[in-house]
A.B. asks: 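One structure is given below, represented as structure tokens, and several questions about it will come after.
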Amino acid sequence: MDNDRYNPAEIENKWQQEWARRGLHETDLQDDKRPKYYNLVMFPYPSGDKLHLGHWYNYAPADSFGRYMRMMGHNVFEPMGFDSFGLPAENYAIKTGVHPAASTAKNVEYMRMQLRKMGTMYDWDKEIVTSEPDYYKWTQWIFLQLYKKGLAYRKKAPLNWCGGCMTVLANEQVQEGHCERCNSEVEQKEMAQWFFKITDYTEQLLDHSELDWPEKTILMQKNWIGRSEGIDISYEVEGIEDKITCFTTRPDTNFGATFIVVAPESEFVKRNKANFIDLVKIEDYIARSNKKTELERIAEGGKKTGVDTGLKAINNLTGAKLPIFVSDFVLANVGTGCVVGVPGHDIRDFEFALAKGLEIIRVVIGKDGDKSKITRPEQVQEDAGIMINSEFLDGMEIMKAKEAIMDHLEKKGWGKRVVNYRLRDWLISRQRYWGAPIPIVFCDECGEVPVEEAELPVMLPDVKDYKPKGKSPLETNEAFVNVKCPKCGGEAKREVDTLDTFVCSSWYYFRYVCSEMKDKPFSNAMADKWLPVDMYIGGPEHACMHLLYARFIHKVMHDLGYTKHKEPFKKLVHQGLITKDGAKMSKSKGNTVSPDEFVENYGADVFRMYLMFMGPFTDGGDWNDKGITGTARFADKFWKLILTVNEPENEAQAETLLHKTIKKVSDDISKMQFNTCISALMEYTNNAQKIGLNEGHKKSVIKLIAPIAPHLAEELWHRLGEKECVFNEEWPTYDKELIVEDTVEIAVQVNGKVRGSLVIEADASKEKVLKAAKEILNVAKHLSEGALKKEIYVAGKIVNFVVL
RNA sequence: GCCGAGGUGGCGGAAUUGGUAGACGCGCUGGACUUAAAAUCCAGUUUGGUUUACUCCAAGUGCGGGUUCGAUUCCCGCCCUCGGCACCA
């Protein structure tokens with residue numbers, strides 16, 4: 001046997017097989033007495049890329065953390081699966097001409113092999129593949145539960161349409177006007193589609209109090225949900241019966257209102273067309289703005305357009321007449337789709353007033369006084385302004401005025417306090433082939449009828465041509481489409497759209513712990529025992545998609561009584577993003593890096609250590625492989641240290657070195673600071689090489705390296721004569737007494753500049769330290785340059801003499 | 001525009017509550033071993049000066065101020081990079 005070098009090719013494969021043979025990673029979900037620890041990573045979706053570098057960067061450290069928790073005495077559950085429905089798999093199938101069922105199966109198989117080579121402790125017995133009928137059966141079942149609760153509904157509404165993917169998209173999947181998947185520009189279309197009523201859960205979703213999540217992520221969800229408190233104010237309109245209602249968060253400025261603007265698509269416009277002064281002009285304007293995409297509207301920026309309706313609303317407060325305009329800078333789905341214009345204090349209203357030559361009134365002054373010339377709108381912060389020109393509000397602070405005016409408006413019956421949200425219902429239907437069919441049939445007699453639960457799954461049918469055409473390809477399979485109505489038995493047609501894959505992935509963590517149940521989706525006993533997920537690791541890009549959807553579905557399942565837990569993921573950590581030459585890796589840019597060749601050349605342990613050593617786990621960084629030789633050398637050095645270095649001359653010194661390392665490694669790994677954890681092990685290796693280590697030290701340090709280099713550790717552990725797996729060992733503990741050094745090095749400063757240092761017993765008195773400090777030649781030289789004013793001594797660290 | 005995170009050697013990065021800036025690693029330079037190379041080992045490596053002396057001095061954590069005996073760390077004002085949201089009333 002070679003004692004010089006760590007030979008991964010032979011050793012890693014051996015232990016992967018041996019671990020599987022011994023069932024080391026099978027978690028007993030039922031009876032294990034140890035405290036449970038559910039350690040989860042976001043499961044991958046199969047595509048042509050297979051597992052790339054980013055997956056390794058996510059999964060390998062997460063697995064190291066799981067192994068550490070196991071050695072800390074937990075019953076760790078680390079499952080893995082594949083989010084195999086959806087666009088990446090389908091697009092790959094279309095590109096290669098291989099049916100998605102076949103290509104997905106092949107990619108999944110390849111990815112399983114990659115995950116095994118990583119040396120992860122996944123419990124493959126509980127694997128989930130979301131495109132398998134035994135999984136999507138329950139995805140459909142969840143749809144039916146929401147349907148029965150009135151939380152799933154079909155409605156005609158203006159939607160985001162991606163011409164590239166030929167399907168509708170949820171708001172969450174539109175990024176800066178482009179499709180999240182294919183980057184095509186998104187258009188608006190009006191269509192009948194399926195939604196989940198996530199807006200029923202806005203307040204619950206805003207409550208993150210039970211969660212140990214990054215602040216950033218919580219903030220992103222809060223911003224996405226976008227809660228704003230305000231008031232709906234209703235105005236009489238001259239000459240007609242209808243009233244106009246405007247939502248505002250700044251009713252304090254209402255004395256400064258000089259006009260009203262309504263969205264082209266707003267209900268007010270639809271109701272009152274007959275009363276408009278120039279309907280032709282308005283219809284023309286509406287037609288033109290309908291043609292614009294959201295992007296075009298945004299691109300126009302400050303350029304405000306609009307048409308006067310000729311109607312005038314009466315400001316309840318002042319009796320002033322407010323002309324009503326139609327303009328596309330107002331969005332129909334925000335608030336009431338009607339906005340009261342206060343050009344003195346809102347940039348958009350100001351721009352509109354300038355374009356239309358409307359009056360501008362100032363009603364708030366900043367604390368620095370009045371600016372009589374109104375050349376720009378002044379958006380005064382809510383905590384820094386005083387009301388003027390506003391009758392009974394004059395002199396009040398803004399916040400106080402806001403409450404006063406809302407009380408006044410409500411008392412008079414002119415307004416009603418409301419809370420407005422940015423979040424819209426989740427659009428879940430897709431006009432694509434590779435997804436779970438929606439279990440609904442349409443009957444001429446009975447209308448929309450849910451499929452009986454006993455009939456699930458509604459199998460995804462085979463179709464010849466699964467390419468997207470703007471209508472679901474399922475439509476072409478007549479045997480699938482034409483069915484009997486479950487209610488009346490008459491002729492009926494199936495819903496042909498499929499579910500958004502985010503529906504599949506919104507409950508997989510729940511299924512893992514219930515995956516042993518074949519005849520039902522959930523088990524309360526298992527859910528209560530194993531949820532919530534203790535540690536969830538994945539990318540931050542899911543903050544307002546998967547992580548929001550999963551919380552929503554979980555809360556519905558909670559309300560339906562399937563779990564006592566209110567949240568799915570207790571602790572959340574985002575790994576950083578790995579870029580290549582500063583850009584996000586993607587196949588289209590051709591800058592992806594495959595992990596396979598590195599595993600081939602250096603072994604999984606060296607590669608995973610390098611990924612962890614690159615920098616902080618949560619930071620990510622730009623990929624280059626230059627430093628990998630460093631961790632490869634370290635693996636060899638560690639190997640040699642264990643197999644060739646002998647007893648220390650100074651036992652106490654070796655003991656102290658070990659215990660300091662145990663402390664550092666334990667602290668770092670528990671905080672996921674893998675980079676400094678590895679450097680501590682490197683330091684230990686360098687030092688121990690010089691001073692020596694005994695058998696006990698070797699065993700301890702093997703345990704320390706085990707989570708981060710599992711194969712290397714297991715092999716060395718057995719070479720020292722052990723028969724059990726090192727991962728069944730307990731994590732080493734350190735002795736506080738032993739890590740305290742007898743002597744300390746103290747820096748000596750004069751006027752804050754280091755002029756020398758001294759090594760002295762740790763328990764030396766202040767007097768003794770100061771005396772010794774003054775005797776240092778260079779220190780004495782600087783002290784002689786003036787009179788000693790002050791002596792500062794921080795025990796064990798620093799001395800500073802202040803000299804004038 | 002708004003919200004959030006961050007700027008440290010040639011490079012990745014490290015620095016308990018303010019207490020010796022640059023740990024660990026890469027790269028580079030010199031040396032040992034070798035016929036030679038690789039591998040390995042040893043020494044050096046912030047910049048600029050300076051000394052018989054690894055001696056000492058000065059500057060230095062994006063820029064400019066401030067607080068402090070002492071600031072990468074705290075405060076104020078800028079610049080830049082990245083992430084999110086964006087005509088949300």
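Letters A, B, ... are given to chains in the order of the sequence lines, protein chains preceding strands, and every chain is numbered from 1. All of these numbers come straight from a predicted model, not from anything done at the bench.
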A.B. asks: Under a 90° cut-off about 0 for the syn range, is B/rG83 syn or anti?
C.D. replies: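 Anti, angle beyond 90° from zero.
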
A.B. asks: Can you check whether A/Arg633 has a side-chain N or O nearer than 4.0 Å to OP1 or OP2 of B/rU40?
C.D. replies: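 Yes, within the criterion.
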
A.B. asks: Measuring only the C1' atom in each nucleotide, how far is B/rU8 from B/rA21? A whole number of Å is fine.
C.D. replies: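 One C1' to the other, the span is 8 Å.
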
A.B. asks: Any N/O pairs under 3.5 Å between the protein and nucleotides 7-12 of chain B? List them or say none.
C.D. replies:
{"unit_1": "B/rG12", "atom_1": "O2'", "unit_2": "A/Met614", "atom_2": "O", "d": "2.4"}

A.B. asks: Checking contacts here: which listed nucleotide (B/rC87, B/rA39, B/rC85) is nearest the side-chain heavy atoms of A/Arg5?
C.D. replies: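 Side chain of A/Arg5 sits closest to B/rA39.
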
A.B. asks: When you measure from the side-chain N and O atoms of A/Arg755 to the phosphate of B/rA58, is any distance below 4.0 Å, counting only OP1 and OP2?
C.D. replies: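 Indeed, a polar side-chain atom of A/Arg755 lies that close.
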
A.B. asks: Measure from the side-chain heavy atoms of A/Thr676 and tell me the nearest of B/rA89, B/rC87, B/rA14.
C.D. replies: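 Of the candidates, B/rA14 comes closest.
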
A.B. asks: In the structure shown, which nucleotide is the Watson-Crick or G-U wobble counterpart of B/rG60, with both distances under 3.5 Å?
C.D. replies: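 Pairing partner, where one exists within any strand: none, as none qualifies.
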
A.B. asks: If I take atom CG in residue A/Asn171 and atom P in nucleotide B/rC85, what distance separates them, rounded to the nearest angstrom?
C.D. replies: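 About 12 Å, once rounded to whole Å.
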
A.B. asks: Please check if the distance between the ring centroids of A/Phe613 and A/Phe634 is under 6.0 Å.
C.D. replies: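 Aromatic pair excluded; centres sit 6.0 Å or further apart.
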
A.B. asks: How many Å lie between CD1 on A/Ile218 and P on B/rA5, as a whole number?
C.D. replies: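 In whole Å, B/rA5 P lies 13 Å from A/Ile218 CD1.
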
A.B. asks: Drop me the distance from A/Trp414's CH2 to A/Asn254's CG, to the nearest 0.5 angstrom.
C.D. replies: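 Atom-to-atom, A/Trp414:CH2 and A/Asn254:CG are 10.5 Å apart.
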
A.B. asks: Identify which nucleotide among B/rC26, B/rC87, B/rU40 has an atom closest to any side-chain atom of A/Lys626, counting heavy atoms from C-beta outward.
C.D. replies: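 Closest nucleotide among those given: B/rC26.
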
A.B. asks: Using a strict threshold of under 4.0 Å (side-chain N to carboxylate O), is an ion pair present between A/Lys671 and A/Asp667?
C.D. replies: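 No, A/Asp667 and A/Lys671 are not salt-bridged.
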
A.B. asks: Checking all strands, does A/Pro616 fall into the base, sugar-phosphate, or nothing category for heavy-atom contacts under 4.0 angstrom?
C.D. replies: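 Sugar-phosphate contact only.
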
A.B. asks: Are A/Lys774 and A/Glu791 close enough for a salt bridge, meaning some N to O gap below 4.0 Å?
C.D. replies: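 Result for this pair is yes, salt bridge flagged.
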
A.B. asks: Can you check the distance between B/rC63 and B/rC79, where both ends of the measurement are the C1' atom (answer in whole Å)?
C.D. replies: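 Per the computed distance, 7 Å lies between those C1' atoms.
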
A.B. asks: With rounding to the closest Å, how many angstrom separate the P atoms on B/rG13 and B/rG7?
C.D. replies: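 The answer is 10 Å between these two P atoms.
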
A.B. asks: Regarding A/Thr631, tell me which of base, sugar-phosphate or nothing describes its non-hydrogen contacts under 4.0 Å with the strands shown.
C.D. replies: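 If one applies the 4.0 Å heavy-atom cut-off, A/Thr631 turns out to touch nothing in the nucleic acid.
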
A.B. asks: Over how many whole Å does the gap from A/Asn333 atom CG to B/rC87 atom P extend?
C.D. replies: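 So the two atoms are 10 Å apart, to the nearest Å.
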
A.B. asks: Taking B/rC3 as the reference, what is the distance to B/rC11 when you measure between their C1' atoms (whole Å, please)?
C.D. replies: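 Going atom to atom, C1' in each nucleotide, I get 33 Å.
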
A.B. asks: For nucleotides 16-20 of chain B, give me every protein contact, N/O to N/O, under 3.5 Å, one pair per line with atom names.
C.D. replies:
{"unit_1": "B/rU20", "atom_1": "O4", "unit_2": "A/Glu745", "atom_2": "OE1", "d": "3.1"}

A.B. asks: If you measure from the P atom in B/rA14 to the same atom in B/rG1, how many Å do you get, rounded?
C.D. replies: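 My reading of the P atoms in B/rA14 and B/rG1 gives 32 Å.
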
A.B. asks: Answer yes or no: does a side-chain N or O of A/Lys790 lie under 4.0 Å from OP1 or OP2 of B/rC69?
C.D. replies: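 Answer is yes, contact under 4.0 Å.
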
A.B. asks: Say you pick atom C1' in B/rA86 and the same atom in B/rG48; how far apart are they, in whole Å?
C.D. replies: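 Pairwise C1' distance, B/rA86 against B/rG48, rounds to 49 Å.
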
A.B. asks: Is it true that A/Trp224 and A/Glu172 share a donor-acceptor pair across their side chains at a distance under 3.5 Å?
C.D. replies: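 Checked: A/Glu172/A/Trp224 side chains pair up, N/O donor to acceptor below 3.5 Å.
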
A.B. asks: Starting from C1' on B/rC24, measure out to CG on A/Asn687 and report it in whole angstrom.
C.D. replies: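 After rounding, the gap between these two atoms is 12 Å.
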
A.B. asks: Tell me: OH of A/Tyr6 to C1' of B/rA39, nearest whole Å?
C.D. replies: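 Distance, rounded to whole Å: 19 Å.
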
A.B. asks: Are A/Phe325 and A/Phe352, when compared by the centres of their aromatic rings, separated by less than 6.0 Å?
C.D. replies: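 Centroid separation for A/Phe325 and A/Phe352: below 6.0 Å.
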
A.B. asks: Base, sugar-phosphate, or nothing: which does A/Lys753 touch, judged by heavy atoms less than 4.0 Å apart?
C.D. replies: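 The residue A/Lys753 makes sugar-phosphate contact but no base contact.
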
A.B. asks: Report yes if at least one side-chain N or O of A/Asn675 is closer than 4.0 Å to OP1 or OP2 of B/rA14; otherwise report no.
C.D. replies: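 Affirmative; the distance criterion is met.
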
A.B. asks: Within the structure shown, what part of the strands sits under 4.0 Å from A/Val802 by heavy-atom distance: base, sugar-phosphate, or nothing?
C.D. replies: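 Result for A/Val802 = sugar-phosphate.
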
A.B. asks: B/rA14, B/rC24, B/rC88: which one has an atom nearest the side-chain heavy atoms of A/Arg422?
C.D. replies: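 From the listed options, B/rC88 comes nearest.
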
A.B. asks: Tell which nucleotide pairs with B/rA43, taking only Watson-Crick or G-U wobble pairs whose two distances are both under 3.5 angstrom.
C.D. replies: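 Here B/rA43 is engaged in a pair, and the nucleotide opposite it is B/rU29.
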
A.B. asks: For the pair made of CG in A/Leu770 and C1' in B/rC69, what is the distance, rounded to whole Å?
C.D. replies: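 That distance rounds to 13 Å.
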
A.B. asks: A/Gly230 and A/Phe247: which non-hydrogen atoms are nearest, and at how many Å?
C.D. replies: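 Heavy atoms of A/Gly230 and A/Phe247 come nearest at CA-CE1, 3.8 Å.
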
A.B. asks: Would you kindly give the CZ-to-C1' distance between A/Arg348 and B/rC88, to the nearest whole Å?
C.D. replies: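 It is 7 Å, rounded to the nearest whole Å.
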
A.B. asks: Need one value for A/Lys637: base, sugar-phosphate or nothing, where a base atom within 4.0 Å counts as base even if backbone is also close, heavy atoms only.
C.D. replies: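 It contacts sugar-phosphate atoms only.
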
A.B. asks: Strictly by Watson-Crick or wobble contacts shorter than 3.5 Å, is anything paired with B/rC2, and which nucleotide is it?
C.D. replies: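 Its partner is B/rG84 (Watson-Crick or G-U wobble, both distances under 3.5 Å).
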
A.B. asks: Record whether the side chain of A/Lys304 comes under 3.5 Å of the base of B/rC87 through a donor-acceptor pair of N or O atoms.
C.D. replies: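 Side chain to base: pair found, below 3.5 Å.
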
A.B. asks: To the side chain of A/Asn686, which of B/rA89, B/rU40, B/rC24 is closest?
C.D. replies: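 Nearest to the side chain of A/Asn686 among the choices is B/rC24.
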
A.B. asks: Ignoring backbone atoms, test whether A/Arg227 places a side-chain nitrogen or oxygen under 4.0 Å from the OP1 or OP2 oxygen of B/rC88.
C.D. replies: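 For A/Arg227, the contact criterion (side-chain N or O under 4.0 Å from OP1 or OP2 of B/rC88) is not met.
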
A.B. asks: Taking A/Glu403 first and then A/Arg417, would you say they form a salt bridge - that is, a charged N and a carboxylate O separated by under 4.0 Å?
C.D. replies: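 The answer is yes: the pair qualifies as a salt bridge.
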
A.B. asks: Can you tell me how far C1' of B/rA5 sits from NE2 of A/His574, to the nearest Å?
C.D. replies: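 Taking NE2 of A/His574 and C1' of B/rA5, I get 13 Å after rounding.
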
A.B. asks: If you measure only the distance, is there a donor-acceptor pair under 3.5 Å linking the side chains of A/Glu359 and A/Thr258?
C.D. replies: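 A/Glu359 vs A/Thr258: no donor-acceptor pair found between side chains.
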
A.B. asks: Can you say whether the rings of A/Tyr602 and A/Phe598 are parallel (under 30°), tilted (30 to 60°) or perpendicular (over 60°)?
C.D. replies: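 It falls in the parallel class, under 30°.
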
A.B. asks: When you compare B/rU61 with B/rG6, how far apart are their C1' atoms, in angstrom units rounded to a whole number?
C.D. replies: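 My reading of the C1' atoms in B/rU61 and B/rG6 gives 13 Å.
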
A.B. asks: For B/rA23 and A/Lys660 - does any side-chain N or O of the residue sit under 4.0 Å from the phosphate oxygens OP1/OP2?
C.D. replies: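 So the side chain of A/Lys660 is outside the cut-off, no N or O lying under 4.0 Å from OP1 or OP2 of B/rA23.
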
A.B. asks: Using Watson-Crick or G-U wobble geometry with both distances below 3.5 Å, tell me the partner of B/rA71, or none.
C.D. replies: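 None - no nucleotide pairs with B/rA71, as no candidate has both distances under 3.5 Å.
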
A.B. asks: When you compare the side chains of A/Asp232 and A/Thr245, does any donor N or O come within less than 3.5 Å of an acceptor on the partner?
C.D. replies: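 Judged by distance alone, the side chains do not pair up.
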
